[in-house]
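Heads up, the thing below is written out as C-alpha coordinates.
Whatever order the structure lists ligands and atoms in, that order sets their numbers, starting from 1. If you read the sequence from its start, that first residue is 1, and numbering goes on from there.
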Amino acid sequence: MRKPFIAANWKMNKTIEETEEFINSFLPMVSDVTGVDIAIAPPFTSLCVAAKLLKKSGVSLAAQNVFYEEKGAYTGEISPVMLLSSGCTWVIIGHSERRQYFSETDEIVNKKIHTAGKNGLDVILCIGESLQEREEDRTFEVIEQQLAGSLKDVQLDGITIAYEPIWAIGTGKTATKEQANEAHACIRDWLKKNREGAGEVRILYGGSVTPDNIESLMSQPEVDGALVGGASLRPDSFAMIVKGAVTA
Ligand code: 13P
(Lines give C-alpha, C1' and ligand atoms only; values in the text may rest on other atoms or scores of the structure.)
Protein backbone atom coordinates (compact mmCIF):
# COMPACT_ATOMS: atom_id res chain seq x y z
CA MET A 1 0.00 0.00 0.00
CA ARG A 2 1.51 3.30 -1.10
CA LYS A 3 0.99 6.22 1.29
CA PRO A 4 -0.56 9.29 -0.36
CA PHE A 5 1.88 12.13 -0.93
CA ILE A 6 0.95 15.77 -1.55
CA ALA A 7 3.69 18.23 -2.46
CA ALA A 8 3.51 21.99 -2.99
CA ASN A 9 5.63 23.51 -5.74
CA TRP A 10 5.59 27.25 -5.14
CA LYS A 11 7.70 27.96 -8.24
CA MET A 12 9.04 31.57 -8.22
CA ASN A 13 6.59 32.80 -5.60
CA LYS A 14 6.82 34.05 -2.00
CA THR A 15 9.34 36.16 -0.13
CA ILE A 16 10.80 35.04 3.20
CA GLU A 17 8.06 36.96 5.05
CA GLU A 18 5.32 35.40 2.92
CA THR A 19 6.82 31.96 3.53
CA GLU A 20 6.67 32.50 7.30
CA GLU A 21 3.11 33.69 7.07
CA PHE A 22 2.05 30.67 4.98
CA ILE A 23 3.69 28.06 7.21
CA ASN A 24 2.40 29.63 10.42
CA SER A 25 -1.16 29.45 9.20
CA PHE A 26 -0.86 26.13 7.30
CA LEU A 27 0.59 23.93 10.06
CA PRO A 28 -2.35 24.25 12.50
CA MET A 29 -4.73 23.41 9.63
CA VAL A 30 -3.11 20.01 9.08
CA SER A 31 -1.87 19.22 12.59
CA ASP A 32 -4.40 16.42 13.09
CA VAL A 33 -4.23 15.01 9.55
CA THR A 34 -2.67 11.56 9.32
CA GLY A 35 -2.12 9.01 6.57
CA VAL A 36 -0.55 11.39 4.06
CA ASP A 37 2.98 12.65 3.49
CA ILE A 38 3.28 16.40 2.87
CA ALA A 39 6.16 18.38 1.37
CA ILE A 40 6.60 22.05 0.51
CA ALA A 41 9.05 23.33 -2.11
CA PRO A 42 9.60 27.08 -1.64
CA PRO A 43 12.16 29.07 -3.62
CA PHE A 44 15.82 28.69 -2.51
CA THR A 45 15.77 31.99 -0.59
CA SER A 46 13.04 30.69 1.73
CA LEU A 47 14.51 27.24 2.46
CA CYS A 48 16.27 28.10 5.72
CA VAL A 49 13.35 29.92 7.29
CA ALA A 50 10.97 27.18 6.13
CA ALA A 51 13.25 24.49 7.60
CA LYS A 52 13.14 26.17 11.02
CA LEU A 53 9.36 26.51 10.99
CA LEU A 54 8.69 22.99 9.68
CA LYS A 55 10.98 21.29 12.20
CA LYS A 56 9.09 18.59 14.14
CA SER A 57 5.89 19.33 12.13
CA GLY A 58 6.13 16.16 10.04
CA VAL A 59 5.96 18.30 6.87
CA SER A 60 9.04 17.82 4.68
CA LEU A 61 11.04 20.45 2.88
CA ALA A 62 11.83 20.17 -0.83
CA ALA A 63 13.88 22.24 -3.27
CA GLN A 64 12.65 23.00 -6.78
CA ASN A 65 15.95 22.32 -8.52
CA VAL A 66 19.56 21.27 -7.92
CA PHE A 67 22.83 21.24 -9.83
CA TYR A 68 24.66 18.02 -10.67
CA GLU A 69 28.02 18.92 -9.14
CA GLU A 70 28.71 19.03 -5.40
CA LYS A 71 30.74 22.26 -5.42
CA GLY A 72 32.93 24.43 -7.60
CA ALA A 73 32.94 27.27 -10.10
CA TYR A 74 29.29 27.15 -11.22
CA THR A 75 28.04 30.69 -10.63
CA GLY A 76 24.43 30.82 -9.55
CA GLU A 77 23.97 27.10 -8.99
CA ILE A 78 23.02 25.22 -5.80
CA SER A 79 24.39 21.77 -4.93
CA PRO A 80 22.72 18.82 -3.21
CA VAL A 81 25.09 19.25 -0.25
CA MET A 82 23.81 22.82 0.20
CA LEU A 83 20.21 21.66 0.00
CA LEU A 84 20.80 19.06 2.70
CA SER A 85 22.43 21.62 4.96
CA SER A 86 19.44 23.93 4.39
CA GLY A 87 17.11 21.23 5.75
CA CYS A 88 15.79 19.72 2.51
CA THR A 89 15.08 16.03 2.26
CA TRP A 90 13.49 16.24 -1.20
CA VAL A 91 14.26 17.85 -4.53
CA ILE A 92 12.07 18.30 -7.61
CA ILE A 93 14.02 17.48 -10.78
CA GLY A 94 13.08 17.87 -14.44
CA HIS A 95 10.03 20.11 -14.10
CA SER A 96 8.69 21.03 -17.53
CA GLU A 97 9.35 24.71 -16.82
CA ARG A 98 13.05 23.87 -16.33
CA ARG A 99 13.02 21.82 -19.51
CA GLN A 100 11.27 24.61 -21.42
CA TYR A 101 12.95 27.79 -20.13
CA PHE A 102 16.34 26.45 -19.07
CA SER A 103 16.91 23.83 -21.76
CA GLU A 104 17.13 20.88 -19.39
CA THR A 105 17.40 17.64 -21.29
CA ASP A 106 16.82 14.11 -20.03
CA GLU A 107 20.60 13.76 -19.91
CA ILE A 108 20.96 16.73 -17.55
CA VAL A 109 17.99 15.50 -15.50
CA ASN A 110 19.69 12.11 -15.23
CA LYS A 111 22.94 13.66 -13.96
CA LYS A 112 21.00 15.66 -11.38
CA ILE A 113 19.17 12.57 -10.15
CA HIS A 114 22.44 10.68 -9.74
CA THR A 115 24.08 13.44 -7.66
CA ALA A 116 20.95 14.06 -5.59
CA GLY A 117 20.59 10.33 -4.83
CA LYS A 118 24.27 9.92 -4.00
CA ASN A 119 23.89 12.68 -1.41
CA GLY A 120 20.78 11.15 0.14
CA LEU A 121 18.11 13.48 -1.23
CA ASP A 122 14.80 11.95 -2.28
CA VAL A 123 13.75 12.96 -5.78
CA ILE A 124 10.46 13.94 -7.40
CA LEU A 125 11.11 13.39 -11.09
CA CYS A 126 8.70 15.30 -13.35
CA ILE A 127 7.70 14.06 -16.77
CA GLY A 128 4.81 14.75 -19.13
CA GLU A 129 3.81 15.45 -22.70
CA SER A 130 2.96 18.69 -24.50
CA LEU A 131 -0.43 19.36 -26.06
CA GLN A 132 0.98 18.74 -29.53
CA GLU A 133 2.43 15.39 -28.45
CA ARG A 134 -0.91 14.35 -26.96
CA GLU A 135 -2.78 15.41 -30.08
CA GLU A 136 -0.34 13.39 -32.19
CA ASP A 137 -1.11 10.39 -29.97
CA ARG A 138 2.47 10.24 -28.74
CA THR A 139 1.81 10.57 -24.98
CA PHE A 140 3.01 7.09 -24.01
CA GLU A 141 6.00 7.23 -26.32
CA VAL A 142 7.11 10.57 -24.80
CA ILE A 143 6.61 9.31 -21.24
CA GLU A 144 8.68 6.19 -21.93
CA GLN A 145 11.43 8.20 -23.59
CA GLN A 146 11.61 10.59 -20.65
CA LEU A 147 11.72 7.71 -18.16
CA ALA A 148 14.44 5.87 -20.06
CA GLY A 149 16.59 9.01 -20.39
CA SER A 150 16.04 10.45 -16.91
CA LEU A 151 16.38 7.16 -15.03
CA LYS A 152 19.41 5.79 -16.89
CA ASP A 153 21.37 3.66 -14.36
CA VAL A 154 19.14 4.90 -11.53
CA GLN A 155 17.61 2.50 -8.99
CA LEU A 156 14.16 3.36 -7.70
CA ASP A 157 14.94 3.86 -3.98
CA GLY A 158 14.08 7.43 -3.06
CA ILE A 159 12.40 8.13 -6.40
CA THR A 160 8.86 9.51 -6.79
CA ILE A 161 7.49 10.29 -10.25
CA ALA A 162 5.24 13.26 -10.99
CA TYR A 163 3.22 12.98 -14.18
CA GLU A 164 2.53 16.55 -15.26
CA PRO A 165 1.01 16.95 -18.70
CA ILE A 166 2.31 20.33 -19.87
CA TRP A 167 -1.08 21.36 -21.26
CA ALA A 168 -2.61 21.02 -17.79
CA ILE A 169 -0.04 23.14 -15.92
CA GLY A 170 -1.37 26.51 -14.80
CA THR A 171 -4.13 26.35 -17.40
CA GLY A 172 -7.07 25.29 -15.26
CA LYS A 173 -7.40 22.36 -17.65
CA THR A 174 -6.93 19.25 -15.49
CA ALA A 175 -6.44 15.85 -17.05
CA THR A 176 -9.52 13.72 -16.48
CA LYS A 177 -9.11 11.09 -13.82
CA GLU A 178 -9.09 8.47 -16.57
CA GLN A 179 -6.36 10.28 -18.54
CA ALA A 180 -4.26 10.61 -15.38
CA ASN A 181 -4.72 6.97 -14.41
CA GLU A 182 -3.91 5.71 -17.89
CA ALA A 183 -0.67 7.73 -18.04
CA HIS A 184 0.28 6.60 -14.54
CA ALA A 185 -0.37 2.98 -15.54
CA CYS A 186 1.96 3.44 -18.51
CA ILE A 187 4.64 4.81 -16.15
CA ARG A 188 4.13 1.90 -13.73
CA ASP A 189 4.40 -0.64 -16.58
CA TRP A 190 7.63 0.89 -17.82
CA LEU A 191 9.06 0.87 -14.28
CA LYS A 192 8.00 -2.76 -13.76
CA LYS A 193 9.57 -3.86 -17.01
CA ASN A 194 12.83 -2.04 -16.42
CA ARG A 195 13.51 -1.71 -12.67
CA GLU A 196 13.19 -3.53 -9.32
CA GLY A 197 10.73 -2.23 -6.72
CA ALA A 198 8.37 -0.51 -9.16
CA GLY A 199 5.30 -1.42 -7.11
CA GLU A 200 6.35 0.87 -4.24
CA VAL A 201 7.12 3.95 -6.32
CA ARG A 202 4.59 6.73 -5.79
CA ILE A 203 3.27 8.40 -8.91
CA LEU A 204 1.86 11.89 -8.36
CA TYR A 205 -0.35 13.82 -10.75
CA GLY A 206 0.34 17.52 -11.39
CA GLY A 207 -1.53 20.09 -13.47
CA SER A 208 -4.33 22.34 -12.18
CA VAL A 209 -4.99 20.27 -9.05
CA THR A 210 -7.48 22.03 -6.76
CA PRO A 211 -9.53 21.21 -3.65
CA ASP A 212 -12.41 20.46 -6.06
CA ASN A 213 -10.71 17.78 -8.16
CA ILE A 214 -8.29 16.13 -5.73
CA GLU A 215 -10.75 13.49 -4.49
CA SER A 216 -11.69 12.42 -7.98
CA LEU A 217 -8.03 12.15 -9.03
CA MET A 218 -7.12 10.24 -5.87
CA SER A 219 -9.96 7.77 -6.47
CA GLN A 220 -7.84 6.26 -9.25
CA PRO A 221 -5.75 3.21 -8.35
CA GLU A 222 -2.55 4.52 -9.95
CA VAL A 223 -2.76 8.09 -8.60
CA ASP A 224 -0.79 8.19 -5.33
CA GLY A 225 -0.83 11.92 -4.73
CA ALA A 226 -0.33 15.31 -6.31
CA LEU A 227 2.26 17.96 -7.09
CA VAL A 228 0.39 21.22 -6.69
CA GLY A 229 1.36 24.60 -8.13
CA GLY A 230 -1.11 27.51 -8.04
CA ALA A 231 -3.48 25.99 -5.47
CA SER A 232 -0.60 25.42 -3.02
CA LEU A 233 0.04 29.15 -2.64
CA ARG A 234 -2.82 29.66 -0.18
CA PRO A 235 -2.67 27.76 3.12
CA ASP A 236 -6.40 27.04 3.16
CA SER A 237 -6.58 25.61 -0.36
CA PHE A 238 -3.41 23.55 0.09
CA ALA A 239 -4.74 22.20 3.42
CA MET A 240 -8.01 21.25 1.69
CA ILE A 241 -6.07 19.35 -0.96
CA VAL A 242 -4.08 17.50 1.71
CA LYS A 243 -7.31 16.56 3.49
CA GLY A 244 -9.00 15.60 0.22
CA ALA A 245 -6.18 13.17 -0.49
CA VAL A 246 -6.93 11.17 2.64
CA THR A 247 -10.70 11.16 2.40
CA ALA A 248 -10.69 9.99 -1.23
P1 13P B 1 -0.48 24.13 -11.38
O2 13P B 1 -1.03 23.34 -10.19
O3 13P B 1 -0.42 25.60 -11.11
O4 13P B 1 -1.15 23.75 -12.65
O5 13P B 1 1.06 23.67 -11.51
C6 13P B 1 1.37 22.33 -11.55
C7 13P B 1 2.84 22.17 -11.45
O8 13P B 1 3.56 22.53 -12.36
C9 13P B 1 3.37 21.62 -10.21
O10 13P B 1 4.72 21.31 -10.33
Side-chain angles (χ1 to χ4, degrees), residues 4-14 18-19 22 26 36-44 46-47 50 59-66 83 88 90-102 104 109 112-113 116 121-131 133-134 139 142-143 146-147 150 159-177 179-180 183-184 187 202-218 220 223-245 248:
F5 181 21
I6 302 292
N9 175 11
W10 285 356
K11 309 189 179 183
M12 199 174 70
N13 292 291
K14 293 198 191 294
E18 288 164 346
T19 301
F22 178 103
F26 174 70
V36 55
D37 288 334
I38 308 170
I40 297 178
F44 288 135
S46 288
L47 287 178
V59 175
S60 304
L61 186 63
Q64 299 174 17
N65 183 31
V66 67
L83 294 183
C88 291
W90 288 91
V91 60
I92 299 170
I93 297 182
H95 193 282
S96 61
E97 287 149 14
R98 302 246 16 120
R99 295 175 188 259
Q100 183 182 352
Y101 301 123
F102 304 96
E104 275 190 19
V109 168
K112 291 184 171 193
I113 294 176
L121 283 167
D122 287 335
V123 169
I124 300 175
L125 163 64
C126 301
I127 57 169
E129 82 288 0
S130 66
L131 183 59
E133 289 161 344
R134 175 161 284 266
T139 299
V142 170
I143 286 176
Q146 289 177 332
L147 287 170
S150 307
I159 301 284
T160 292
I161 311 282
Y163 168 63
E164 300 205 309
I166 296 168
W167 48 271
I169 296 179
T171 57
K173 211 174 153 193
T174 327
T176 63
K177 59 183 195 303
Q179 284 171 327
H184 287 212
I187 294 168
R202 289 184 288 194
I203 306 177
L204 316 182
Y205 168 79
S208 300
V209 173
T210 65
D212 292 333
N213 58 32
I214 185 68
E215 287 187 36
S216 143
L217 289 160
M218 291 297 294
Q220 298 302 294
V223 178
D224 303 316
L227 182 56
V228 188
S232 74
L233 293 172
R234 282 197 12 226
D236 53 347
S237 70
F238 189 52
M240 280 162 76
I241 292 173
V242 167
K243 290 176 190 169

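Taking atom 9 (C) of ligand 1 as the reference point, the nearest protein heavy-atom neighbour is E164 OE2, 2.9 Å.
Under the 3.5 Å distance criterion, with hydrogens and angles disregarded, a donor-acceptor pair is assigned to the side chains of S46 and T19. There is a side-chain donor-acceptor pair under 3.5 Å between H95 and E164. Checking K177 against N213 by side-chain atom types alone, no donor-acceptor pair falls below 3.5 Å.
R202 pairs with exactly one of D224, T160, D37 by the side-chain hydrogen bond (donor to acceptor under 3.5 Å, both in side chains) rule, that one being D37.
Residue-ligand proximity: C126 is placed with every non-hydrogen atom at 4.0 Å or more from ligand 1. Look at G170 and you'll find a heavy atom under 4.0 Å from some atom of ligand 1.
When all heavy atoms of A50 and P42 are compared, the pair lying nearest together is CB-CG, 4.1 Å.
When side chains are defined from C-beta on, V66 does not count as touching I92, because their heavy atoms never get closer than 4.5 Å.
The L227 neighbourhood of ligand 1 comprises atoms 9 (C), 10 (O), with distances under 4.0 Å to a heavy atom of that residue. Here is the list of ligand 1 atoms found below 4.0 Å of a heavy atom in N9: 9 (C), 10 (O). Close approach to G207 involves these atoms of ligand 1, each under 4.0 Å from a residue heavy atom: 4 (O), 6 (C).
Annotation: K11 places an N or O atom under 3.5 Å from an N or O atom of ligand 1; distance criterion only. Of the polar atoms of E97, none of the N or O atoms is found under 3.5 Å from an N or O of ligand 1, judged by distance alone. Ligand 1 has an N or O atom lying under 3.5 Å from an N or O atom of G230, backbone or side chain. Ligand 1 has a nitrogen or oxygen under 3.5 angstrom from a nitrogen or oxygen of G229.
We find that R134 and E129 are joined by a salt bridge, their nearest charged nitrogen and carboxylate oxygen being less than 4.0 Å apart.
Contact annotation for A168 and ligand 1: only backbone heavy atoms (N, CA, C, O) come within less than 4.0 Å of the ligand. Counting heavy atoms closer than 4.0 Å to ligand 1, residue I169 contributes atoms from both its backbone and its side chain.
The aromatic rings of Y163 and Y205 sit tilted relative to each other, their planes meeting at an angle between 30° and 60°.
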